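First up is the structure itself, then whatever we jot down about it.
Start at 1 and go down the list; that is how both ligands and their atoms are numbered. The model shown is predicted, which means the values in this text are computed figures rather than measured ones.
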Amino acid sequence: MIALNDLARGHHAGLDELRSACERVIASGWYVLADEAARFENSFADYCGVGHCVGVGNGTDALEIALRAADIQPGDKVVTTANAGMYATIAITACAAEPVFVDVDPATMSMSPASLRAALEQRPRAVIVTHLYGRLAAVEELVDTAHDFGAIVIEDCAQAHGARRRGEHAGTFGDIGCFSFYPTKNLGALGDGGAIISNDKSFAVRARQLRQYGWKHKYQCELSGGRNSRLDEMQAALLSVKLGWLDVQNDARRSIARRYFDGISNAHITTQHRDGESDVVHLYVVRSPYRRQLAAHLFDAGVQTDIHYPVPDHRQPIFADRFAATLLHVTEALADEILTLPCHPTLSEEEIAHVIDACNRFRP
Ligand SMILES: *Cc1c(COP(=O)(O)O)cnc(C)c1O
């Protein structure tokens, strides 16, 4: 079976580097928030070209802490899209804020600037823009539009580590950028991890307090909404190693995307051209009106697929009919047709050719 991800294979070539990072942490006697976390925060801030980076426990915490750092209060409205796996919505509802769902653009599958403009009439305090599948959203226009209405912009970059446009990195267009280092992400730990980046020192200072009980100093709780969400030393040390691999691995993902776009030729499968520095191809997603049959055909041909994501946020069971009046035509249509093909940096030439061939042999 050609798997969607093969993380052990991805670590094989760098095993010595990873092992010595682990040994260094074990020998140091410091396991939470010490030199390795600080070192990774500095290198990731430098890599992104941003003033501040705060390591946290995971990507969902990063989003929630970012909202709290931006002083989002219960009942405040926060705009987001409904096709990004519930992560932003969970963070919004954890703050007892009110999600306002807007539709996506069919080409980028990320937030549509026109839909955002319409939602800004509702005076949201913040907008969460997700760079879905690794491709930068129309973030410049979204940020300008949101700022015109006084809303702050949080970028969810959990699928877009290293994506950039004209040298500007994902996470630095708006006010705060949030990252996940879940193992399958383009920059993945060997466990959970996350980070918040910002050029605004006051957001960074608040995020740093919120990740550790709301402390100002040890045992001095100053901010409410604090919790324990820290990046541990082992993950930080491993991430420092893997940050050095990121650009090369993103290139490898783009070259697989080029092979798929050039090679897959089937009237029942729509592929997208995915290339350039603004797209790090976290997921290669095709569309087909015969999605169920296509997935079954690929499974039989030894190709694992998945759906990112099958149930839009506003249709999730936890909401029952709370968003029954919310109609997101593009989001809902895409949810029925999208299918993710394997696209990880260590896929072999033969495996890529096999996926292409299997797609081309599909007949509904
Ligand atoms: C993975 C992911 C998250 C959540 O990250 P965790 O570390 O799993 O909490 C948030 N947003 C997006 C878009 C993601 O892909």
Side-chain angles (χ1 to χ4, degrees), residues 4-5 7 40 44 53-68 78-95 99 101-102 104 108-111 126-137 139 142 153-163 169-171 173-174 176-197 207 210-211 227-232 234-236 238-239 242 246 250 253 279-285 306-313 316 331 334-335 338 340 343-344:
L4 272 180
N5 276 302
L7 301 174
F40 174 71
F44 195 60
C53 172
V54 180
V56 295
N58 58 68
T60 312
D61 280 0
L63 290 165
E64 186 186 332
I65 290 171
L67 288 166
R68 293 187 191 278
V78 179
V79 174
T80 189
T81 44
N83 68 335
M86 274 299 279
Y87 308 107
T89 301
I90 285 167
I92 295 166
T93 53
C95 297
F101 295 113
V102 300
V104 297
T108 65
M109 303 187 197
S110 290
M111 190 179 285
V127 178
I128 299 181
V129 175
T130 302
H131 301 295
L132 198 67
Y133 306 149
R135 174 171 43 203
L136 284 189
V139 62
L142 294 166
V153 177
I154 296 169
E155 296 172 65
D156 182 348
C157 310
Q159 304 190 356
H161 317 71
H169 273 254
F173 293 90
I176 310 180
C178 295
F179 290 84
S180 163
F181 304 121
Y182 184 75
T184 59
K185 309 296 186 185
N186 290 37
L187 177 57
L190 278 72
D192 274 314
I196 294 168
I197 63 171
L210 289 166
R211 77 169 168 187
R227 84 260 308 287
N228 169 10
S229 181
R230 301 177 290 219
L231 182 63
D232 70 70
M234 195 67 89
Q235 300 309 331
L238 293 165
L239 286 166
K242 292 186 70 181
L246 178 60
N250 283 345
R253 289 174 185 270
D279 193 340
V280 295
V281 200
H282 173 61
L283 296 173
Y284 193 84
V285 174
D306 202 352
I307 301 168
H308 297 91
Y309 297 89
V311 183
D313 296 11
Q316 289 286 346
T331 297
L334 284 172
I338 49 179
T340 305
C343 180
H344 62 79

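- Ordered by chain and residue number, the residues placing a heavy atom less than 4.0 Å from ligand 1 are Asn58, Gly59, Thr60, Tyr87, Thr130, Asp156, Ala158, Gln159, Ser180, Lys185, Tyr309.
- For Ile307, the side chain to side chain contact (heavy atoms under 4.5 Å, CB included) partners are Arg291, Pro310, Ile338, Leu339, not counting sequence neighbours.
- In this structure, Phe181 has its ring center closer than 6.0 angstrom to the ring center of Phe44.
- Under a cut-off of 6.0 angstrom, the local environment of OH in Tyr309 is crowded, with over 12 non-hydrogen atoms contributed by other residues, nucleotides or ligands.
- Applying the ring-ring contact (aromatic ring centres under 6.0 Å, His included) criterion to His169, with sequence neighbours excluded, gives Tyr47.
- Residue pairs that meet the salt bridge (Lys or Arg N to Asp or Glu O under 4.0 Å) test with at least one member in residues 53-62, sequence neighbours left out, are Asp61-Arg227.
- Using a 4.5 Å heavy-atom threshold, the side chains of Tyr133 and Met109 count as touching.
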